[in-house]
Amino acid sequence: MFNFPLFLDLTGKPVVVIGGGTIASRKINKLLEAGANIVVVAPWISDSVRLLYEKGEVHWVKDECRADYLASAFLIVSASGNPEARRIIKESVHPHQLLNAADDPETGNAAFPATLEESGYHIAVSTEGQSPAAAKNLKQKLRDRLREMIEKK
Ligand SMILES: C[C@@]1(CC(=O)O)C2=NC(=C\c3[nH]c(c(CCC(=O)O)c3CC(=O)O)Cc3[nH]c(c(CC(=O)O)c3CCC(=O)O)/C=C3\N/C(=C\2)[C@@H](CCC(=O)O)[C@]3(C)CC(=O)O)/[C@H]1CCC(=O)O
Ligand SMILES: NC(=O)c1ccc[n+]([C@@H]2O[C@H](COP(=O)([O-])OP(=O)(O)OC[C@H]3O[C@@H](n4cnc5c(N)ncnc54)[C@H](O)[C@@H]3O)[C@@H](O)[C@H]2O)c1
């Protein structure tokens with residue numbers, strides 16, 4: 001699972017996020033930083049996602065997940081936790097699409113690592129899905145170490 005690290009250029013790439021709650025919001029913020037073209041599909045969205053929608057930073061399809069919405073996506077993020085949405089995604093995802101299944105890690109083929117960008121370095125930490133909190137912790141330690149290293153130069 002998640003056995004190949006890769007840095008992508010997501011600028012302008014179509015990304016479909018299924019779900020617009022807490023977890024979706026975290027993923028959306030990262031995707032926006034990367035310049036992705038984001039469509040959120042969800043019957044309701046959290047205040048933070050609504051703010052992005054009102055500012056025109058994401059599109060919103062106010063509906064439940066349907067196979068049609070997934071077809072043109074370069075990357076699909078599954079973050080609703082809804083069993084029916086998860087079933088549709090599992091059945092309709094094409095082998096050439098990337099799927100970050102934040103609500104169903106066994107199904108996805110891509111994970112969001114813990115990342116940091118500092119002084120020209122871009123570091124990504126994954127625990128192959130086993131312990132995201134440990135990935136976050138190591139990221140913070142690496143940030144401190146990198147800052148020390150750069151100060152000493
Ligand atoms: C790194 C980070 C990136 C991001 O999401 O942006 C990320 N999770 C983060 C935080 C975090 N996630 C969770 C906690 C609570 C503490 C804990 O339980 O550990 C915390 C800590 C916190 O929030 O502080 C809970 C959790 N996460 C997943 C499950 C499902 C499962 O494992 O079954 C559950 C249990 C759900 C439950 O039981 O309810 C699954 C995934 N989370 C991943 C990424 C992928 C694997 C990454 C890897 O290879 O390590 C993967 C597989 C899929 C994906 O989402 O891509 C981000 C840190 C950002 C940063 O600060 O840098
Ligand atoms: N990957 C991670 O790091 C991580 C961490 C914690 C939880 N999770 C999982 O992520 C899932 C979502 O958690 P949350 O806290 O964001 O939930 P939430 O309740 O805040 O949001 C759920 C969202 O899904 C939408 N939704 C519901 N049914 C839908 C459907 N059929 N089609 C499309 N959208 C639909 C809702 O409108 C809402 O926007 C849960 O399954 C949870 O277990 C993942």
Side-chain angles (χ1 to χ4, degrees), residues 1-10 13-55 57-93 97-119 121-147:
M1 148 199 250
F2 313 135
N3 62 356
F4 189 74
L6 181 70
F7 284 82
L8 296 170
D9 180 3
L10 280 188
K13 286 274 192 282
V15 176
V16 174
V17 179
I18 304 298
T22 315
I23 299 303
S25 173
R26 192 168 85 207
K27 306 293 174 187
I28 289 167
N29 285 324
K30 292 193 165 184
L31 293 164
L32 278 176
E33 275 177 41
N37 184 1
I38 302 170
V39 177
V40 179
V41 177
W44 59 267
I45 51 179
S46 66
D47 290 348
S48 54
V49 178
R50 184 173 293 274
L51 203 64
L52 296 172
Y53 168 65
E54 284 169 357
K55 285 196 285 182
E57 295 190 27
V58 299
H59 307 276
W60 177 27
V61 176
K62 190 177 178 183
D63 194 2
E64 295 188 346
C65 179
R66 295 177 203 285
D68 289 359
Y69 298 139
L70 307 173
S72 60
F74 173 73
L75 165 67
I76 297 164
V77 177
S78 174
S80 72
N82 179 274
E84 179 61 5
R86 284 165 53 177
R87 186 190 63 75
I88 292 169
I89 293 166
K90 197 171 181 170
E91 283 176 10
S92 20
V93 65
Q97 286 178 308
L98 293 175
L99 171 60
N100 171 239
D103 58 358
D104 192 4
E106 297 309 312
T107 305
N109 59 15
F112 282 35
T115 62
L116 73 104
E117 268 189 280
E118 186 95 23
S119 311
Y121 293 95
H122 198 159
I123 297 178
V125 181
S126 167
T127 57
E128 299 217 342
Q130 298 309 303
S131 177
K136 182 177 177 178
N137 191 271
L138 179 59
K139 173 196 80 174
Q140 280 157 351
K141 291 200 167 88
L142 287 171
R143 188 195 298 281
D144 296 344
R145 184 74 189 92
L146 195 57
R147 284 184 179 160

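Both ligands and their constituent atoms are indexed starting at 1 by order of listing. Since this is a predicted model, take the numbers as computed values, not measurements.
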**Study point:** contact_flag Pro132 ligand 2 heavy-atom lt 4.0 Å
**Key:** no

Review point. Leu98 pairs by side chain to side chain contact (heavy atoms under 4.5 Å, CB included) with which of Val93, Leu8, Val15, Ile76?
Key: Leu8

Exercise for review: Taking side-chain contact (heavy atoms from CB on, under 4.5 Å) as the test, write out the residues that go with Glu118, two or more places apart.
Suggested key: Leu116, Arg143, Leu146, Arg147

Practice item. Before signing off on this row, confirm whether Trp44 and ligand 2 have an N or O atom pair separated by under 3.5 Å. Key: yes

Check your understanding: Is atom 18 (O) of ligand 1 less than 4.0 angstrom from some protein heavy atom?
Key -> no

Review point. What atoms of ligand 2 come closer than 4.0 angstrom to any heavy atom of Val41?
Key: 33 (C), 34 (N)

Study note, to complete from the structure: Of all protein heavy atoms, the one nearest atom 12 (C) of ligand 2 is Ala79 O, 3.4 Å

Review point. With a cut-off of 4.0 Å, which atoms of ligand 2 are near a heavy atom of Asp103?
Key: 10 (O), 11 (C), 41 (O)

Point to revise | The one among Cys65, Ser80, Ala102, Ala133 that brings a heavy atom closest to atom 24 (O) of ligand 2 | key: Ser80

Check your understanding: Do any nitrogen or oxygen atoms of Ala42 come within less than 3.5 Å of a nitrogen or oxygen of ligand 2?
Key -> no

Exercise for review: Report yes if some N/O of Pro113 lies less than 3.5 Å from some N/O of ligand 1; otherwise report no.
Suggested key: no

**Study point:** Between CD1 on residue Ile123 and NZ on residue Lys139, distance to nearest 0.5 Å
**Key:** 11.0 Å

Point to revise | Residue Arg26 vicinity, atoms of ligand 2 by number, heavy atom under 4.0 Å | key: 2 (C), 3 (O)

Check your understanding: Protein heavy atom under 4.0 angstrom of atom 34 (C) of ligand 1, is there one?
Key -> no

Practice item. Return a yes/no value: protein heavy atom under 4.0 Å from atom 9 (C) of ligand 1? Key: yes

Exercise for review: Step through the shown structure and confirm whether more than 12 heavy atoms of other residues, nucleotides or ligands are within 6.0 Å of CD on Glu106.
Suggested key: no

Check your understanding: Considering all protein heavy atoms, does one lie under 4.0 Å from atom 17 (O) of ligand 2?
Key -> no

**Study point:** Quiz item: cation-pi between Lys27 and Phe112, 6.0 Å / 45°
**Key:** yes

Exercise for review: Would you indicate whether Asp144, at its atom CG, is surrounded by more than 12 heavy atoms from other residues, nucleotides or ligands within a distance under 6.0 Å?
Suggested key: yes

Review point. What's the shortest distance from atom 41 (O) of ligand 2 to any protein heavy atom, and which residue and atom give it?
Key: Gly81 CA, 3.1 Å

Exercise for review: Report yes or no: do Ser25 and Ser46 form a side-chain donor-acceptor pair below 3.5 Å?
Suggested key: no

Check your understanding: Considering only the protein, which heavy-atom contact is closest to atom 25 (C) of ligand 2, and what is its distance?
Key -> Gly19 CA, 3.8 Å

Check your understanding: If you measure every N/O of Gly21 against every N/O of ligand 2, is any gap under 3.5 Å?
Key -> yes

Review point. Any nitrogen or oxygen of Gln130, main chain or side chain, under 3.5 Å from a nitrogen or oxygen of ligand 1?
Key: no

Practice item. Name the closest protein heavy atom to atom 20 (O) of ligand 2, giving the residue it belongs to and the distance to 0.1 Å. Key: Thr22 N, 3.2 Å

Check your understanding: Protein heavy atoms: any of them under 4.0 Å from atom 51 (C) of ligand 1?
Key -> no

Review point. Does Ile23 approach ligand 2 within less than 4.0 angstrom via side chain, backbone, both or neither, non-hydrogen atoms only?
Key: both

Study note, to complete from the structure: In terms of its nearest heavy atom to atom 27 (N) of ligand 1, the top option of Pro105, Ala133, Gly81, Pro132 is Pro132

Revision key, fill the gap. Of all protein heavy atoms, the one nearest atom 34 (N) of ligand 2 is Pro43 CD, 3.4 Å

Exercise for review: Keeping the roles fixed (side chain from Asp104, backbone from Pro83), state whether a donor-acceptor pair exists under 3.5 Å.
Suggested key: no

Practice item. Report yes or no: does Lys27 have a heavy atom closer than 4.0 Å to ligand 1? Key: yes

Check your understanding: Less than 4.0 Å between atom 37 (C) of ligand 1 and some protein heavy atom, yes or no?
Key -> no

Review point. Right, does atom 44 (C) of ligand 1 have protein non-hydrogen atoms nearer than 4.0 Å?
Key: yes

Check your understanding: Nearest 0.5 Å, what's the CD-CD1 distance between Gln97 and Ile89?
Key -> 10.5 Å

**Study point:** Set of residues satisfying side-chain hydrogen bond (donor to acceptor under 3.5 Å, both in side chains) with respect to Asn37, sequence neighbours excluded
**Key:** His59

Check your understanding: Hey, is ligand 1 close enough to Ala111 that some N/O pair sits below 3.5 Å?
Key -> no

